[in-house]
Amino acid sequence: MSRINKNVVLALLTLTSSAFLLFQLYYYKHYLSTKNGAGLSKSKGSRIGFDSTQWRAVKKFIMLTSNQNVPVFLIDPLILELINKNFEQVKNTSQGSISQCTFFCVPRDFTAFALQYHLWKNEEGWFRIAENMGFQCLKIESKDPRLDGIDSLSGTEIPLHYICKLATHAIHLVVFHERSGNYLWHGHLRLKEHIDRKFVPFRKLQFGRYPGAFDRPELQQVTVDGLEVLIPKDPMHFVEEVPHSRFIECRYKEARAFFQQYLDDNTVEAMAFRKSAKELLQLAAKTLNKLGVPFWLSSGTCLGWYRQCNIIPYSKDVDLGIFIQDYKSDIILAFQDAGLPLKHKFGKVEDSLELSFQGKDDVKLDIFFFYEETDHMWNGGTQAKTGKKFKYLFPKFTLCWTEFVDMKVHVPCETLEYIEANYGKTWKIPVKTWDWKRSPPNVQPNGIWPISEWDEVVRY
Amino acid sequence: MDDWKPSPLIKPFGARKKRSWYLTWKYKLTNQRALRRFCQTGAVVFLLVTVIVNIKLILDTRRAISEANEDPEPEQDYDEVLGRLEPPRRRGSGPRRVLDVEVYSSRSKVYVAVDGTTVLEDEAREQGRGIHVIVLNQATGHVMAKRVFDTYSPHEDEAMVLFLNMVAPGRVLICTVKDEGSFHLKDTAKALLRSLGSQAGPALGWRDTWAFVGRKGGPVLGEKHSKSPALSSWGDPVLLKTDVPLSSAEEAECHWADTELNRRRRRFCSKVEGYGSVCSCKDPTPIEFSPDPLPDNKVLNVPVAVIAGNRPNYLYRMLRSLLSAQGVSPQMITVFIDGYYEEPMDVVALFGLRGIQHTPISIKNARVSQHYKASLTATFNLFPEAKFAVVLEEDLDIAVDFFSFLSQSIHLLEEDDSLYCISAWNDQGYEHTAEDPALLYRVETMPGLGWVLRRSLYKEELEPKWPTPEKLWDWDMWMRMPEQRRGRECIIPDVSRSYHFGIVGLNMNGYFHEAYFKKHKFNTVPGVQLRNVDSLKKEAYEVEVHRLLSEAEVLDHSKNPCEDSFLPDTEGHTYVAFIRMEKDDDFTTWTQLAKCLHIWDLDVRGNHRGLWRLFRKKNHFLVSEEATLSHPNFPGATPKRGGSPRSCRTDMRPPPGPCGAGPGSESNLFIDCPEGLENRPNLEGLDFFLGWKAALRVGLALTQETAVPNPWTGPTGAHMLTQTHSDTLRHWTRPPLSILFVQLSKAG
């Protein structure tokens, strides 16, 4: 009897165990494919080519957008990079001889597209049709930052992101909005409370961790894996922009509060200064952008942006910062050609370089070059009379985009730390008399230029 | 039998021979030791694999969950805070199916409370007289409309009948009288109240108090009434307390097909009342119009800003006409609402448009000014690529060919720097003075009321120096000031493409509207082809004007220009009349003429270098200043200022006889408009109704006209104008006005 029992038990155990195992495997596969389709479809993709879930999702999505006239273009960094590497293939396959799915079948969680919102005409029906086609879609909306200004407006929310899932692959549609300053902006992907956090692995999204700003790309039509898509004309330029695209808004709410406390200066002189400072800044930005030299708003101009979202009317100059490694010898010439003659030059490339250009209407453009140390950054100053050197220390910072007087410009992302270093904790209080040698809390004496070098380092 | 012996295992199987082949096979296997071993180890391996897979699964799930949660964590808080801010829904929002309603009516105060919440309270003096009407949603108890009809005054009862008829059946109606509501309550209105089941309403008498709660088309839920004992006294205050049973939500809604449009409609109709057939269950009026597209539409991508306040019914009418205009692109329309009013937003949402609310800044005119600034700034921010913006107001009807008109003319704004704007409104285009929808003019004044603004003008000139909130200026008056306009002109059509229907507003009332806006001509012909658009450019227009003047027949100036017979009963002729202007900005004669022509006379509008162009009796009628006397038929033309661009004199042919007066006797060649002939009801009386804006207009006109009153020193002609500047000044400079006057002069 015992023998029978033993065998029966063993058989039963084996049966249940294998049934159990099958169930587990099935569940595991199902689970994996919904969570990150990559793992399993990897081998499938390369083997079966055009049968991969990614390709099918992209194909369906492109069908949808071309039927519904949704103006989209491809911005997926991974695929753009691949396209850039094999650009010939993309061009040649337009005749129709596609042998292998090389781009859209690459394993990944998402394919990112950008939606040009201002060209979009039929917003309403689109969502429903996408869902009818089998997509599961998520729409993320938020308030329109373009309404946020010195006047407080609030309006209908605008779409920022769409995530549409087809089986295991998701299309991330980033809504690009036009902003003044000739650039495209996308919003922060912020999940509201009721949204299913497991809808897709949000963490792996390439866009949306922060709001972003991009130059408006020129587009071109290409055929990728048999699908007609629009991509930026210079795909690599776009891909390079992605990691540095973080955008921060001006703090209009605080600026409004500031103007309630300290009335805005609306005299004719203030308006005239603002106008010429704005023009000077625009000219400087144009010149530096042409040279490919990145710069940011520094000192008083940066304070004006941060504190009151405008140019401080009594600041009398425009201040920019540039990292010394971006220095190019033709900067001076380029400014001269743009109608801004060099006014003075202090220091040298190795130490404490500072350039000053004369703009129209007595407005001066000051460019400070920043030097990077292991734990801080600094820029230098020179007193013309005595040849004394000064050093202004700043905590390390990175650069973010922002919008200032209808322009897309850089500011330090860690603006508060930057400003507090330069102006102290009381930066909120307007001060009209400022001694650049003594007032800043971050100033340090830095010795004196040797007399022999004066000719080179003090050009006044 | 022995064969069956070897194993005891056989027994059970043998006993059940029906068992499947599988078990037999298995039995055979069990006989082999090695195989048995194999099975055992196999099972163990299976088990182990299961366990491993299980563990991996668990680990994986945990990781995925933690990943998904990690990222959006900080924002979650933010959203929750927002959620909490939302006000709790109506008090006692549980399964309560009855509302308790309190209605109070008395001489000086009315109030209505629903479930303890006051939804109407009016105890202001000298305000809110008449019948207050509130409409509640029968399913939710929400207030859907609130109106007051001053039925002491004429015609208000008609508005009430109109409104009550629009209310959907089943809604809860609440009526209460403040002060007096019967004097002009006519039979139609009384009959309607009777049909609602009211006993006292139809019999409402002088200074009675009355409170009424009923369901439209259903039973009366409560009514109280108190008769006034004598002519000089009021009825006793009445307080009506009643329970209103709520019905189910399905009953309160219509059964429209489930489309995107109807979803919008349903949302709208469950919130507000008083919009007529848009909410009727059977055959509701459409909310999507799809007018014909315009071929070659140049304004398809021009943003349209609709400036609105809290006049949702106006906005509704306005948006209907706007969305019906040919060539409209709804996604370019933005409605800017001055204040956080709900109902205008509901109207905007009904049409699926973009609505933006603006926190009001300042008061009165300055508030409007600030709202304009915020709206224009936002418009150019929202459409950073747009070179132009169309600016509309909520109390305008938009002509069917509005966009066609703009599409044909907008290139002028791009090509001609001497232009300030293109406007759809002709200040002087009344029913009796406008005729030709294909004709355009150039004028020195900025008409507004549906106009196109150039981005560069706004961003570079106007925005930086826009009047600040503490300045109580009208934005349009400010824009008309020479510092802003800087000699530039606007293009207008002869027949306006917009119609100003608003009779309630900051600067508007019924009398003013009747006098100056009601009889305005409005184009209703679709697809009008504008004539000779390029002749509106700076130089070309001078040539055109000169041609017109030289071809025009001079009118008999000995006749009274205020009389109908001043112009012959012809058709299609061009006539010219001359007026005396001592200086560029001397408009005294014109104002007198405008008054008797019954056109805009509160300040100078519609002029181009001393020339006004109108139509009279289907004839083109030019009014030109004396200095333009280059007319070939005009004898002895002596321009005041030699070389002035105004005097577009060319050849000076001798006059061809018939024109009455010979050289030297210029007297009857100037219009004389003796005072009090056929003037508008005198200004003194009108002034009472004008409000601040009109006064300001005149004030400003004066700053333009005469900085220093200029005593009339005209030639000795017998027909010269008798009213002098000092008269005008005296007339207008009352204390409050002079203050404004000074302010404006300073600004200038």
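Chain letters run A, B, ... following the sequence lines, proteins first and then strands; every chain starts at 1.
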Applying side chain to side chain contact (heavy atoms under 4.5 Å, CB included), run through A/Leu147 and B/Asn381 and close with a yes or a no.
CA-CA 7 Å; A/Leu147 297 179; B/Asn381 261 341; over 6 Å; no
Count the heavy atoms of every other residue, nucleotide or ligand shown that sit under 6.0 Å from CD of A/Glu218, and state whether that count exceeds 12.
no
What do you reckon, is CZ of B/Arg263 surrounded by more than 12 foreign heavy atoms closer than 6.0 Å?
yes
Please check if the number of heavy atoms outside B/Lys387 that lie under 6.0 Å from its NZ is greater than 12.
no
Which atoms form the tightest heavy-atom contact between A/Met271 and B/Pro464, and what is the distance?
SD-O, 2.9 Å
For B/Phe380, is it the side chain, the backbone, both, or neither that has a heavy atom closer than 4.5 Å to a heavy atom of chain A?
backbone
Roughly how far apart are B/Leu382 CG and A/His118 NE2, rounded to 0.5 Å?
13.0 Å
Any carboxylate oxygen within less than 4.0 angstrom of a Lys/Arg side-chain nitrogen, looking at B/Glu385 and A/Arg216?
yes
Please tabulate, one pair per line, all N/O donor-acceptor pairs under 3.5 Å involving side-chain atoms of residues 331-339 of chain B, not counting sequence neighbours.
from	atom 1	to	atom 2	distance (Å)
B/Thr334	OG1	B/Arg354	NH1	2.7
B/Asp338	OD2	B/Arg367	NE	2.9

Is B/Thr359 in contact with chain A via its backbone, its side chain, both, or neither, using a 4.5 Å heavy-atom distance?
both
Side chain, backbone, both or neither of A/Asp144 within contact of chain B (heavy atoms, under 4.5 Å)
side chain
Within the distance-only criterion (no hydrogens, no angle test), does the side chain of A/Thr156 pair as donor or acceptor with the backbone N or O of B/Gly355 below 3.5 angstrom?
yes
I need the residue from A/Gly181, A/Gly149, A/Ser18 with the largest number of non-hydrogen atom pairs under 4.5 Å to chain B.
A/Ser18
Is it true that, when you exclude B/Phe38 itself, more than 12 heavy atoms of the residues, nucleotides or ligands shown sit nearer than 6.0 Å to its CZ?
no
Within a reach of under 6.0 Å around CD of B/Glu463, are more than 12 heavy atoms found that belong to other residues, nucleotides or ligands?
yes
Checking heavy atoms, do the side chain of B/Lys465, its backbone, both or neither come under 4.5 Å from chain A?
both
Cut-off 4.5 Å, heavy atoms of chain B, and the answer for A/Lys275 is side chain
If you take all heavy atoms of A/Leu153 and B/Ala374, which pair is closest and at what distance?
CD1-O, 3.9 Å
Does any heavy atom of chain A fall under 4.5 Å from the side chain of B/Gln357, the backbone, both, or neither of them?
both
A/Arg146 side, atom CZ; B/Phe383 side, atom CZ - distance, nearest 0.5 Å
7.5 Å
Side chain, backbone, both or neither of A/Arg274 within contact of chain B (heavy atoms, under 4.5 Å)
neither
Looking only at A/Asp151, A/Ile195, A/Ile150, most heavy-atom pairs under 4.5 Å shared with chain B are made by A/Asp151
Checking an interface table here. Which of residues 257-265 of chain A come within a heavy-atom distance under 4.5 Å of chain B?
none
I need the A/Ser154 OG to B/His358 NE2 distance, nearest 0.5 Å.
10.0 Å
